[in-house]
Amino acid sequence: MNLHEFQAKQLFRAAGIPVPKGEVVDTPSGAVDAARRLGGQQWMVKAQVHAGARTEAGGIRDFNDLEKLHCFAQEMLGERLITAENSPAGQPVNQLLIERPCGVKNCYHLSVMLDPRSGQVVFQGGLSECRDSAELSDQSPGNFFQVEVDPVVGLQPFQSRQLAVELRLDRTIWPPFFEITQALYRLFIAKDLLLIEIGSLVENDHGQMMVLDVRVQVDNNALVRQPELAQWADYRQDENQVLGNGLGFIAMEGDIGCIVNGSGLALATLDIIQLNGGSVANIVEIDNGASTDALANACQLVWDNGRCSCILINIVGGIVRCDKVAAGIIDGIQKYNITCPIVVRMEGTRAEEAKALFIQSDEKIEIVKTLDDAIILLIDTPES
Amino acid sequence: MNLHEFQAKQLFRAAGIPVPKGEVVDTPSGAVDAARRLGGQQWMVKAQVHAGARTEAGGIRDFNDLEKLHCFAQEMLGERLITAENSPAGQPVNQLLIERPCGVKNCYHLSVMLDPRSGQVVFQGGLSECRDSAELSDQSPGNFFQVEVDPVVGLQPFQSRQLAVELRLDRTIWPPFFEITQALYRLFIAKDLLLIEIGSLVENDHGQMMVLDVRVQVDNNALVRQPELAQWADYRQDENQVLGNGLGFIAMEGDIGCIVNGSGLALATLDIIQLNGGSVANIVEIDNGASTDALANACQLVWDNGRCSCILINIVGGIVRCDKVAAGIIDGIQKYNITCPIVVRMEGTRAEEAKALFIQSDEKIEIVKTLDDAIILLIDTPES
Amino acid sequence: MAILADKTTRVVCQGMTGAEGAYHTAQCIAYGTPVVAGVTPGRGGERVLDRPIFDTVKEAVDETAANTSMIFVPPLQAADAILEAVDSGINTIVCITRGIPAHDMVKVKSIIRGHGVNLIGPNSPGMITSEEFKLGVMPSGIHKKGTIGIVSRADSLTYEAVMQTTQIGLGQTTTVGIGSDSVMGMSFVDVIKLFEQDRRTKGIIMVGEIGGDLEELTAQYIADEVRKPILSYIAGVTAPPGKRMGHVGVIPESGIGSAAFKCAVLAEAGVQIVQSPTELGSRMLEYFEG
Amino acid sequence: MAILADKTTRVVCQGMTGAEGAYHTAQCIAYGTPVVAGVTPGRGGERVLDRPIFDTVKEAVDETAANTSMIFVPPLQAADAILEAVDSGINTIVCITRGIPAHDMVKVKSIIRGHGVNLIGPNSPGMITSEEFKLGVMPSGIHKKGTIGIVSRADSLTYEAVMQTTQIGLGQTTTVGIGSDSVMGMSFVDVIKLFEQDRRTKGIIMVGEIGGDLEELTAQYIADEVRKPILSYIAGVTAPPGKRMGHVGVIPESGIGSAAFKCAVLAEAGVQIVQSPTELGSRMLEYFEG
């Protein structure tokens, strides 16, 4: 799960990592009030979406005129920002972060991430071409270097020194840099983060270190023990996501809706349909945690008020039991009044019981034995 | 460094580990006042010395009569308590701990210690023959069992469960027991402890767990980063100790005083003197950290106002430089007006310079080449 | 028996008293798996599925000589369960639990490194030696004793590979789902190494998917060490690049993580690539007959 | 060269810019030790003793191919210094620093286990191959090239053993002080193993002391593996039992930790025991001549 920049900075502030003075607002007048409270003659206004490359997309601007700031806020709020890193539909801007800018002497980037393969926490750093807007987008592939931390051992002081030396930091800022690296590591561990990406860790004009821009990603699996972060979820930002009720959603542009169990089968179903000339409208992945209600909801998501012209239900039961899925889907078909053709292919745990349920349901459902059979029914022009 | 029981319990209380209500006092009237404040009809009075086996030695008693309690406090305070675990001179009782007793349903002992060889933190537990006085002395060699914790990994929940199962704890007290083991581990690590020995971990009449008796040992090397514990040092308790200024002291009963560098050489010097029929009055070990002042102080400690009849100075320089030691000792001899014969044997780093200093000093000092030569000079009756 | 289990295998199930644990353990027992005990803290002394329940794995090992564990405990307790199994001398662990926090798993990996433990999963359907031994949640009926070793990281797609090889008549030796979490125990390489050494296994099917670099890392090993025929399907060849695909994350245009890149490096390593999972069985058969 | 150093050894000194570090490193250089660099965080770029100073061990290793470290940093920074050395690829570390908290050292031991690093100390006088190579703080003058390997955990008493063997004319191959802290790196066994394998070493002297169980643990290894003559002195045979003896702690009446027990198990393992350190040289000579 991604955090918004203002949320990440709130975590940083609590962890003792210096960030610029700032306020988050959701109205144009709020933006102006915030700028007044922050004082000074110049303000950064940063659109809060779960994507990088906001500067190039016009989502980050600086102003020295409150009227212009107000206009920009008015333009931005409620609109969708399309950056090089998000989808063509962009993401909604519901909040703006207003900050005091800071004079930059030197600029670095520093990431902390979990390397799933090695099982290490990796600090990766490099020099950054800094702009005042200070947001990381495409990095020039400069001299990156990394330090690997065993999560059982933790970040050692010598590793912070190695980072400082590699970054060629002025020795006067070693002490605050060491504090920042240790605080970042503690935060990374304490909050179950998968990624902290500081686009601009700057040494400012006063020889202090400060974080201007940061992206933070939290482990979805850990949200149950991070209730304060779970509250920060902004599902409006991600069209394709794990919905938290045992469903995952992938939006495509075609006309065949799919309900599938497991991500592998979802991708394979996509492959088979598209390699046979069909096109997929969307895929709902269900997992073992999906309740009967969630399964009905899956039908609603796939059907999407008639956007799809037919639906494929492709379930290979294992820990997921086919009959339970069938019951939920039959509920959904009736509840959401789904009228398009539905093709069902079920194998594995309790598949026979499931098929019996479909037959009893009186809904117009074709039950097929193999995926190839399903394809024939779903795709009008198999020769394409 | 050992802590007093009341100090250990203060740590426990802060760590959330239940201990009986109690107060520490240093006067008989204070003892009575404390008992009144604690309320109830019965009180435990526990002499605070750095040794176990206090109950058998009469250092722990329970009273239901405040006058008798007052008398006991009067008898104890300012006296030396001799237990089976301390030296014949005993240790001074300067404080008493007054506690409310607690009804005991089941009693266990549980130790946490650092095993230097394996480098593991060892939890050792067993059933305890519990008395209300609840102090561990010699344990009946019952069924001990242990769980080893890698200090890098930390105590895992399953290890607490293993302990609970081995102790055959009633499942109703598993949750508080798990909390106590985790709190003990955190305390052990956070405070640089070498030993936590809970003589009586009891399940009381109300099904709660409580620690009645505990001994705690802190790593001397860590006192610099444990300032609050360093303040709790009670040097009156230990006649033989590392004095903190680079000197260690071992008191014996003979007549030859020794100043030696390093504990190995101290023991070897003791061996050589005693195997040759001599007897040692005391040994001061000096280490590299000893200042010139401390070295002079070493002379005072060894001389002990004339208790020793001769002094052997046996230094093999390495990181310790002989000339620096010589200078400090010459100072000491003059400052404390030491009049007995002094034999010096110095080898190693800057030994020649050291010998020159002794010769220039005009003090009556015999310089010898080997330990055997020193023995001949020191011991009148080498044939014994 | 083929890989990861033999005549000496004795299974303890951690979390056998839960609904999922009890259901699937019963299926395993019915399949012939020697399940000897269950472990649920606080439930020691009970019997479930006619097997004794212990409070700790250590007791289960002491009393029943269990050496293999199947784990069904809830996600936040699963890392502790794995560490308990390793500490108690269990040498093969199948962790079915999904949703374990990544930080827990990287710590587990670091701690058990060098212990010589086979950890399958987490978030794995488990492993099954067809018609002999099952340690997991896969449907039993579709597996048929045969000659193909299957290893997959694409959960439900594993069954697809199994059905294909069953229908075509080749059957399977052992099928291993290595799990679809990013932090996993045994990798493709670890399992393929066992298949390469196993006399009964004549061919290997590897089912991968887009994202990560696991298939890329496996290619070099295959090129250097694997002599048996090996066939692979990578799910997601038609997934649009630059788009977030569920738990897989954003798929790059090209390079590490994309299906095209994975297929290319595997093909170069001598792996036969199929474009659709429906071809898995027929292409393997072609290999043997052709 | 004898043990723990050879023609490829290149030494970095961590803490060389401190007073002790500079003094003793100068002595080591004078003795012929190939000291190539120093490391002091924040002092990189300076030169001390005509050697470059680096901020990190990694830089020192990269620039000077150092593979051995001598550590003089203050006690609370020493554990980090050891870990830094290991992380940077140093394979032999002599830690002179005394007063390192025990918790720091047990963590270090746990972390470096399995890294194949030789850690001598902490609280060690270091090691010296007589008239060739010195990595430590022992006085140089008393060492004479010869045939006896000396290992000791009794700091200043080590020099006593050296002087004895020098005076009697046997001389030493290498002398190793394993340090007198309770948590230590290389043990008696680790060093004796190297002496047993070393062709130049003809006899071994082991200097122990009361307390702990290190000598007891060594006895079994000697009985099983050591063929060279081995002589031992255990300091404290006359220490009164039940009494606290400085840092050694309370000495038991009998059993593990007492001098009598240590001497008995060592004698049973075939070790010659001397009662006084003044006999170390003469008894070893007797052995060779008798």
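The sequence lines fix the lettering, A, B, ..., with proteins before strands; numbering per chain opens at 1. Since the model is a prediction, treat every value here as computed from it, not as a measurement.
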Participant: Measuring from D:S187:OG to B:R117:CZ, what's the distance to the nearest 0.5 Å?
Facilitator: 10.0 Å
Participant: Please classify the contact of D:I96 with chain B as side chain, backbone, both or neither, using a heavy-atom distance under 4.5 Å.
Facilitator: side chain
Participant: Against chain D, label B:T370 side chain, backbone, both or neither, depending on which of its atoms sit under 4.5 Å from a heavy atom there.
Facilitator: neither
Participant: Measure distances from D:M163 to the heavy atoms of chain B and classify the residue's part below 4.5 Å as side chain, backbone, both or neither.
Facilitator: side chain
Participant: Among D:Q167, D:M184, D:R113, who wins on heavy-atom pairs under 4.5 Å with chain B?
Facilitator: D:R113
Participant: Is B:D219 close to chain D through its backbone or its side chain, or both, or neither, when contacts mean heavy atoms under 4.5 Å?
Facilitator: side chain
Participant: Determine whether a donor-acceptor pair (N or O, by modelled atom type, separation under 3.5 Å) exists between the side chain of B:D271 and the backbone of D:T238.
Facilitator: yes
Participant: Below 4.5 Å from any heavy atom of chain B, which atoms of D:L76 appear? Answer side chain, backbone, both or neither.
Facilitator: side chain
Participant: Is any side-chain N of the basic residue among D:E160 and B:R345 closer than 4.0 Å to the acidic one's carboxylate O?
Facilitator: yes
Participant: Could you have a look at D:D181, D:I111, D:T158, D:D213 and say which one has the most heavy-atom pairs with chain B under 4.5 angstrom?
Facilitator: D:D213
Participant: Is chain B contacted by the side chain of D:Q275, its backbone, both, or neither, given a heavy-atom distance below 4.5 Å?
Facilitator: both
Participant: Which region of D:K109, side chain (C-beta onward) or backbone (N, CA, C, O), has a non-hydrogen atom less than 4.5 Å from a non-hydrogen atom of chain B, or is it both or neither?
Facilitator: side chain
Participant: I'd like to know if D:D104 pairs up with B:R225 as an ion pair, taking the criterion as any Lys NZ or Arg NE/NH1/NH2 lying under 4.0 Å from an Asp or Glu carboxylate oxygen.
Facilitator: yes
Participant: Under 4.5 Å heavy-atom distance to chain D, tell me which part of B:I189 shows up: side chain, backbone, both or neither.
Facilitator: both
Participant: So which part of B:L114 gets closer than 4.5 Å to some heavy atom of chain D, the side chain, the backbone, both or neither?
Facilitator: side chain
Participant: Does any heavy atom of chain B fall under 4.5 Å from the side chain of D:R153, the backbone, both, or neither of them?
Facilitator: neither
Participant: Using a 4.5 Å cut-off on heavy atoms from C-beta on, say whether the side chain of D:H103 contacts that of B:P151.
Facilitator: no
Participant: Of the backbone (N, CA, C, O) and the side chain (C-beta and beyond), which part of B:D192 lies under 4.5 Å from a heavy atom of chain D, both, or neither?
Facilitator: both
